[in-house]
Amino acid sequence: MKGWNGRLLRVDLTKGTTEVQEYSEEFAKKFVGGRGFAVKLLWDELKPGADPLGPENMLIFATGPLTGYIIPNSGKMVVSAKSPLTGGYADGNLGTQASPNLRKAGLDAIVVTGKAERPCYLYIEDDNFEILDASGLWGLDSYKAEAKLKEKHGRAAGALLIGQSGENLCRIATVVSQEGRAGGRPGMGAVMGSKNLKAVVIRGTKELPTHDPEKLKELGKLGFDIIPKKDNYKWWKRQGTMATVEWCQEAGTLPTHNFREGVFDYAACIDGNTMEAMTVKQRGCPNCNMICGNIIIDTEGRESELDYENVTMLGSNIGIKDLKQVGTLNRMCDELGLDTIGAGSVIGFAMEAAEKGLIDLDITWGDFEGSKKLLKDLAYMRGIGATLGLGTKAAAEKIGGGSGDFAIQVKGLECSAYDCHFCPGMALSFGTSPIGAHHKDAWVISWEISTGRRAFYDPEKADKVIEFQRIRGGMFECLVTCRFPWIELGFELDHYPGYFEAATGVEMSLDDFWALGDRVYALIRAFWVREFDGKWDRKMDYPPKRWFDEPLTKGALKGEHLDREKYDGLLQTYYDKRGWDDRGIPTKETFEKLGLAEEAAELAKFIYLK
Ligand code: PTT
Ligand code: SF4
């Protein structure tokens with residue numbers, strides 16, 4: 001096999017064993033890598049109904065066949081498991097030195113099961129695998145723990161870590177790396193903590209097996225040459241994802257006060273222009289020449305790396321209008337290993353619950369000190385943090401009093417930072433995202449706003465959601481490269497089949513990649529349906545209730561809200577186009593067409609397939 005190493009590392013922390021397993025070429029070609037590998041492994045091996053925080057859950061770190069090559073933005077990695085936040089399939093994607101190192105250690109993925117007796121970390125150096133004592137690291141934040149590990153193992157090593165929130169099983173804990181890169185929003189940090197695994201440190205020095213190294217080098221160079229010549233490059237380098245604050249404010253989609261409104265009176269205080277004047281340096285993922293991490297100095301004189309989602313969820317969504325304060329909350333999330341989106345959503349939920357007298361918590365909109373305290377309580381799962389740290393859906397079930405009406409989530413995962421009172425296409429994207437409400441798969445909002453936003457529930461919106469899910473959720477999550485060159489700068493998709501063929505020797509057209517996306521989507525759906533045995537319902541694909549029932553009260557979109565019946569019609573159109581039945585489950589024929597006949601037969605043990 002070329003392109004793929006053809007090997008994954010199995011780690012059983014209960015037994016304290018490590019073992020390299022070779023996988024077949026058929027598996028590689030059918031699922032390609034990253035998310036594709038993760039869902040197939042979880043489907044085949046994880047017992048349905050397994051406790052996400054139990055030793056049996058599988059924590060998977062998966063690269064793809066393009067990861068680590070000198071081609072644009074190839075430093076990414078997928079982190080996946082069954083989610084303790086949603087109970088369904090989960091993954092996230094982060095840029096980290098651990099990715100190229102893993103590949104150069106001759107591995108494509110790591111599958112961790114079991115639970116260590118004591119805090120430990122996994123150390124990989126080419127063919128040497130060790131499970132080492134982490135008692136001196138447990139309790140440290142991710143920055144301090146990473147610094148200690150780098151001191152011991154050298155700066156060339158890549159590290160994946162958890163902060164205190166992962167250790168304490170907070171359900172919105174992520175995996176973090178390199179002081180500010182984070183992935184695995186649906187509680188992947190908690191899964192890592194449940195295994196007593198503080199970190200994975202990887203050092204790889206081998207050559208990657210490549211079908212046509214000269215060709216790949218040439219194509220990679222061409223890609224790196226093209227990117228800086230793209231029209232939007234200079235603008236991107238100035239603001240990165242932060243340009244979205246201004247844009248969302250203008251469009252009336254900036255989450256404000258727990259998604260009650262889509263405009264924030266102080267948006268200009270936290271937008272990309274304000275950030276530009278404060279930026280002290282930039283940082284990014286490996287193998288990237290369009291780095292987008294902008295660093296400012298926070299209220300305590302520390303560095304904080306800003307992104308649109310972080311700033312909006314910890315800014316306008318909770319009423320904070322000082323970018324330095326937002327920077328402090330963001331830095332705390334990175335240290336504690338909390339997902340910024342989940343954290344901003346939980347704080348907004350808590351502010352609203354406190355305002356309505358449903359919880360006894362002294363916190364109000366814009367309350368910086370209260371937010372800092374709550375972040376710590378979430379990370380340590382103490383006081384009200386023990387309830388709120390379960391995520392807004394589970395917290396609302398405990399708190400009651402109708403608080404579920406303002407828990408802004410889908411399937412248990414808090415919505416990323418796009419208010420959809422007036423965006424049914426983006427609402428459909430959140431509704432049908434394979435991990436709960438994340439924008440990563442189908443960020444159609446920009447297209448929706450620029451084209452025919454008034455042609456509200458047009459079937460074309462379902463087409464667009466599917467198209468984006470195929471490209472972003474299928475191709476990029478399986479090849480495991482950053483999608484930003486394409487979506488932000490218009491770097492042509494045609495480059496990717498070329499990279500893939502030069503790396504692996506396997507020819508795959510873009511249409512083949514779309515079919516891969518459909519296969520992966522069908523299998524993820526099967527995973528959810530099997531886990532929710534008997535309880536699966538198409539209403540799980542609905543966006544938050546607030547967007548239907550509580551019209552916006554401010555800005556140009558005042559009075560707007562989603563229409564439930566029309567949304568349901570759009571959802572049905574989406575199902576029809578995907579070949580899924582009216583419950584949102586792929587039909588037997590669809591599974592078979594996608595090469596998933598065996599998986600369909602397994603699913604049929606749980607639910608009747610149409
Ligand atoms: C991602 C989600 C996002 S999406 C952001 S900002 W974004 C938040 N970032 C967090 C953070 O930072 N710290 C923290 N403690 N929590 C955070 N939670 C939020 O997590 C990220 C970039 C970004 S910035 C995006 S969109 C793109 N995402 C990609 C993707 O998903 N796939 C892919 N093939 N390429 C992508 N490129 C871009 O990468 P999750 P990163 Mg992130 C600090 O992981 O779980 O998917 O949630 O990885 O290395 O930080 O790069 O406006
Ligand atoms: Fe990482 Fe940003 Fe570069 Fe993508 S564009 S690889 S997120 S630094």
Side-chain angles (χ1 to χ4, degrees), residues 8-21 23 37-62 77-92 102 107 109-124 129-135 137-139 145 160-176 183-202 337 379-381 386 389-391 394 412 435 527-528 530-533:
L8 46 92
L9 182 68
R10 299 270 181 177
V11 181
D12 184 331
L13 291 176
T14 305
K15 293 187 189 141
T17 56
T18 57
E19 188 188 350
V20 171
Q21 184 198 351
Y23 60 80
F37 280 8
V39 66
K40 177 63 173 156
L41 289 165
L42 284 164
W43 172 263
D44 283 350
E45 297 175 29
L46 188 66
K47 213 165 122 236
D51 176 2
L53 297 176
E56 60 274 37
N57 199 3
M58 300 160 67
L59 178 64
I60 302 173
F61 301 96
M77 180 183 292
V78 168
V79 186
S80 176
K82 177 176 170 180
S83 167
L85 181 66
T86 68
Y89 171 81
D91 64 27
L102 182 67
L107 296 164
I110 308 171
V111 182
V112 185
T113 50
K115 177 179 181 178
E117 244 173 63
R118 278 180 292 280
C120 70
Y121 72 98
L122 174 67
Y123 180 64
I124 299 174
F129 316 118
E130 290 178 79
I131 299 167
L132 299 172
D133 177 46
S135 47
L137 301 171
W138 204 254
L160 301 152
L161 304 105
I162 53 170
Q164 296 92 330
S165 63
E167 294 175 9
N168 293 307
L169 312 185
C170 175
R171 310 302 195 266
I172 55 167
T174 57
V175 174
V176 278
R185 292 191 49 218
M188 299 301 91
V191 176
M192 199 158 155
S194 74
K195 301 190 173 306
N196 266 335
L197 180 64
K198 178 71 180 178
V200 178
V201 182
I202 312 166
Y380 287 93
M381 292 293 273
L390 300 173
I435 60 168
F527 186 91
W528 277 92
R530 189 173 68 172
E531 288 298 332
F532 281 75
D533 188 16

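Below, all heavy atoms of this structure are taken into account, side chains as well, without hydrogens, waters or symmetry copies.
- Closest of all the heavy-atom pairs between P186 and S83 is O-OG, 2.8 Å.
- The one candidate from L107, L160, L9, V200 that meets the side chain to side chain contact (heavy atoms under 4.5 Å, CB included) condition with L102 is L107.
- Cation-pi contact between R118 and W138: absent, since separation from the ring centre below 6.0 Å together with deviation from the ring axis within 45° is not met.
- Here L41 contributes atom CG and R10 contributes atom CZ; the two are 6.0 Å apart, rounded to the nearest 0.5 Å.
- A pairwise comparison of heavy atoms in D133 and P119 identifies OD1-O, 3.7 Å as the closest pair.
- Closest of all the heavy-atom pairs between W43 and F527 is CZ3-N, 3.7 Å.
- Remark: side-chain polar atoms of K195 are not paired, donor with acceptor, to backbone N or O of L13 under 3.5 angstrom.
- The CD1 atom of I124 lies 8.5 Å from the OG1 atom of T18; values are rounded to the nearest 0.5 Å.
- Within the model, atoms CG of L8 and CZ of F61 stand 13.5 Å from one another, a figure rounded to the nearest 0.5 Å.
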- Could you check C120 against L132 for side chain to side chain contact (heavy atoms under 4.5 Å, CB included), going step by step and ending with a plain yes or no? CA-CA 5 Å; C120 70; L132 299 172; over 6 Å; no
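- Checked against F129 for a side chain to side chain contact (heavy atoms under 4.5 Å, CB included), the options V20, I110, V11 give a single hit: V20.
- Using modelled atom types, no side-chain atom of K82 and backbone atom of A90 make a donor-acceptor pair closer than 3.5 Å.
- Judged by distance alone, the side chain of E167 and the main-chain N or O of G139 form a donor-acceptor pair under 3.5 Å.
- T86 contributes atom OG1, which lies 3.5 Å from atom CH2 of W528 (distance to the nearest 0.5 angstrom).
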- Item | Derivation of the side chain to side chain contact (heavy atoms under 4.5 Å, CB included) call for N196 and E117 | CA-CA 7 Å; N196 266 335; E117 244 173 63; over 6 Å; no
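- No donor-acceptor distance shorter than 3.5 angstrom exists from the side chain of S80 to the backbone of A38, with no hydrogens or angles considered.
- R185 places no side-chain N or O within donor-acceptor distance of the main-chain N or O of G183, the cut-off being under 3.5 Å.
- N168 places a side-chain N or O within 3.5 Å of a backbone atom of A379 that can act as its donor or acceptor partner.
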- Query: K198 and I162: side chain to side chain contact (heavy atoms under 4.5 Å, CB included), yes or no, with the steps?
  - Reply: CA-CA 6 Å; K198 178 71 180 178; I162 53 170; 4.1 Å; yes
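- Taking a cutoff of 4.0 Å between a charged side-chain nitrogen and a carboxylate oxygen, K47 and E56 do not qualify as a salt bridge.
- A pairwise comparison of heavy atoms in R171 and L85 identifies O-CB, 3.6 Å as the closest pair.
- The backbone N or O of G49 lies less than 3.5 Å from a partner atom in the side chain of E531, making a donor-acceptor pair.
- Rounding to the nearest 0.5 Å places CE of M192 at 12.5 Å from OH of Y121.
- Between the side chain of S165 and the backbone N or O of G337, at least one donor-acceptor pair lies under 3.5 Å.
- The shortest non-hydrogen separation linking S194 to V191 is OG-O, 2.6 Å.
- Put simply, the side chain of N57 gets close to the backbone of P52: a donor and an acceptor are under 3.5 Å apart.
- Taken from CD1 in I202 to OH in Y123, the straight-line distance is 10.5 Å, to the nearest 0.5 Å.
- Nearest heavy atom pair, residue M188 against residue L59, reads O-CD1, 4.2 Å.
- A donor-acceptor pair is defined here as one N or O able to donate and one able to accept, closer than 3.5 Å; such a pair exists between the side chain of T14 and the backbone of K115.
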